[in-house]
There are 2 protein chains.
Amino acid sequence: MGARNSGLRSHCPVNYALEIVGDRWALLIVRDIVFRGKRTYGEFLSSEEGFATNILASRLTALVEAEILRHDADAADGRKGVYVLTEKGLDLIPLLFEMVLWSAKYDSRSEARRIPRLVDLIRKDNRKISRKSMEKVVRGDAIVPEYLS
Amino acid sequence: MGARNSGLRSHCPVNYALEIVGDRWALLIVRDIVFRGKRTYGEFLSSEEGFATNILASRLTALVEAEILRHDADAADGRKGVYVLTEKGLDLIPLLFEMVLWSAKYDSRSEARRIPRLVDLIRKDNRKISRKSMEKVVRGDAIVPEYLS
DNA sequence: ACAAATTACTTGCAAATAGCAAGTAACAAA
DNA sequence: TTTGTTACTTGCTATTTGCAAGTAATTTGT
């Protein structure tokens, strides 16, 4: 697969993941795409955690360099660019789902409680619901709304 | 469960996990305990990624405050303290395992290739092998050696 | 056609964090 | 009772974070 694999502290698999997505922001961008169907710089900026503009920009380019995102032009509007998950990015979905499970258990105010059916599906078979979710995301859909009922 | 749940940017489950373990070091400590059976400050210090002493100390106290670790005294040696995973910490194992899967796929030099049987077991049923691993870790054993054959 | 918005950034600077090197305090071993 | 070991802390510098402001390339409204 792809590009430069060096400058790493080690090739321990846990460390590899940490070096690429181990900070407070990177996976929030992936979450915004997966759970909420966001795709543009402006949409990410509006997230409730409050990205600073420079940090959002630097994380987006880092994720593109890491081949987790692709940056396409918007055909209809020359100002906008669209950030899309690559396969490597989509493959982070099972990881996000495990984070949801863990937080649902330990954060007493977790918003995971608003999507109990999804949480249950993850618990029963993360792999299966992840595959289904990847298909939705590829179509550009958000996965949360379906489970908010 | 437990303590203070505020000062968070949000109660999004992805964000909650990121605020607690979303940096380059915290999960390396958990990894050292789970995969390699480490438990003391000195053992963590010897990790190949190279903790700075102050950073290791600050992360250890943060993990204790987050109730992921417990810090017990060593009965046999008054200088040493032993860091042990709580239930909340043990419940990070499925997350670590998903990281292993992802890195195994995308890091061409991943050391995950040295434990293909474990990687396969995670792929087939993360929940099941996680439960089994938690039991081993509770006994104080490392989980990797068994799969190095 | 032209002025006003909108979008996606960049730049400058202060504050916080990371990380190296050098201590130090409490115990244990010889 | 000196010497070594363990688990830290402290001081200092370098990097990163994050706010506020600016800007360039469109697009929209009139």
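Numbers restart at 1 for each chain; the letters A, B, ... are given by sequence-line order, proteins then strands.
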Going through the checks in order, is the side chain to side chain donor-acceptor pair (under 3.5 Å) test met by A:Asp107 and A:Ser103? CA-CA 5 Å; A:Asp107 178 9; A:Ser103 300; over 6 Å; no
Please say which of A:Leu96, A:Val14, A:Leu101, A:Leu95 ends up in a side chain to side chain contact (heavy atoms under 4.5 Å, CB included) with B:Leu95. A:Leu95
For DNA chain C, the residues among residues 69-79 of chain B that have a non-hydrogen atom under 4.0 Å from it: B:Asp77, B:Gly78, B:Arg79
Partners meeting side chain to side chain donor-acceptor pair (under 3.5 Å) with A:Asp32 (sequence neighbours left out): A:Ser47
Expected list for residues 54-64 of chain A near DNA chain C, using heavy atoms below 4.0 Å, is A:Asn54, A:Ala57
Scan residues 17-28 of chain A for pairs that pass side-chain hydrogen bond (donor to acceptor under 3.5 Å, both in side chains), counting only residues two or more places apart or in two chains. A:Arg9-A:Glu19, A:Asn15-A:Glu19, A:Asp23-A:Arg59
One thing to verify: whether B:Asp91 and B:Lys88 come together as a salt bridge, which I'm taking to mean a side-chain N less than 4.0 angstrom from a carboxylate O. no
Any donor-acceptor N/O pair, A:Arg36 side chain to A:Ala142 backbone, under 3.5 Å: no
Do A:Leu28 and B:Leu18 come within less than 4.5 Å of each other through their side chains, counting heavy atoms only? yes
Do any of residues 33-53 of chain B sit with a heavy atom less than 4.0 Å from DNA chain C, and if so which? B:Ala52, B:Thr53
Nucleotide range of DNA chain D contacted by chain A, 5' to 3', under 4.0 Å to a heavy atom? D:dT17 to D:dT27
Side chain to side chain donor-acceptor pair (under 3.5 Å) involving A:Arg117 - partner list, sequence neighbours excluded: A:Ser149
Show every ring-ring contact (aromatic ring centres under 6.0 Å, His included) that has at least one partner inside residues 121-149 of chain A, sequence neighbours left out. none
State which residues pass side chain to side chain donor-acceptor pair (under 3.5 Å) with A:Asp74; sequence neighbours excluded, sorted by chain then number. none
Could you tell me how far apart B:Trp25 (CH2) and C:dA18 (P) are, to the nearest whole angstrom? 10 Å
With sequence neighbours left out, write down each residue that passes side chain to side chain donor-acceptor pair (under 3.5 Å) with B:Asp141, or none if nothing qualifies. none
Contiguous pairing runs of three or more, Watson-Crick or G-U under 3.5 Å, that involve DNA chain D: C:1-30 with D:1-30
Per the salt bridge (Lys or Arg N to Asp or Glu O under 4.0 Å) rule, what does the pair list look like for residues 43-58 of chain B, sequence neighbours excluded? B:Arg31-B:Glu49
Step by step, would you call B:Arg127 with B:Asp125 a salt bridge (charged side-chain N to carboxylate O under 4.0 Å, His left out)? CA-CA 5 Å; B:Arg127 213 73 65 216; B:Asp125 195 340; over 6 Å; no
Looking at A:Val100 and B:Pro13, what are the two nearest heavy atoms and their distance? CA-CB, 3.9 Å
Mind calculating the distance between CD (A:Glu19) and P (C:dA18) to the nearest angstrom? 15 Å
Closer than 3.5 angstrom, by distance alone: can the side chain of A:Tyr16 be matched with the main-chain N or O of B:Ala104 as a donor-acceptor pair? no
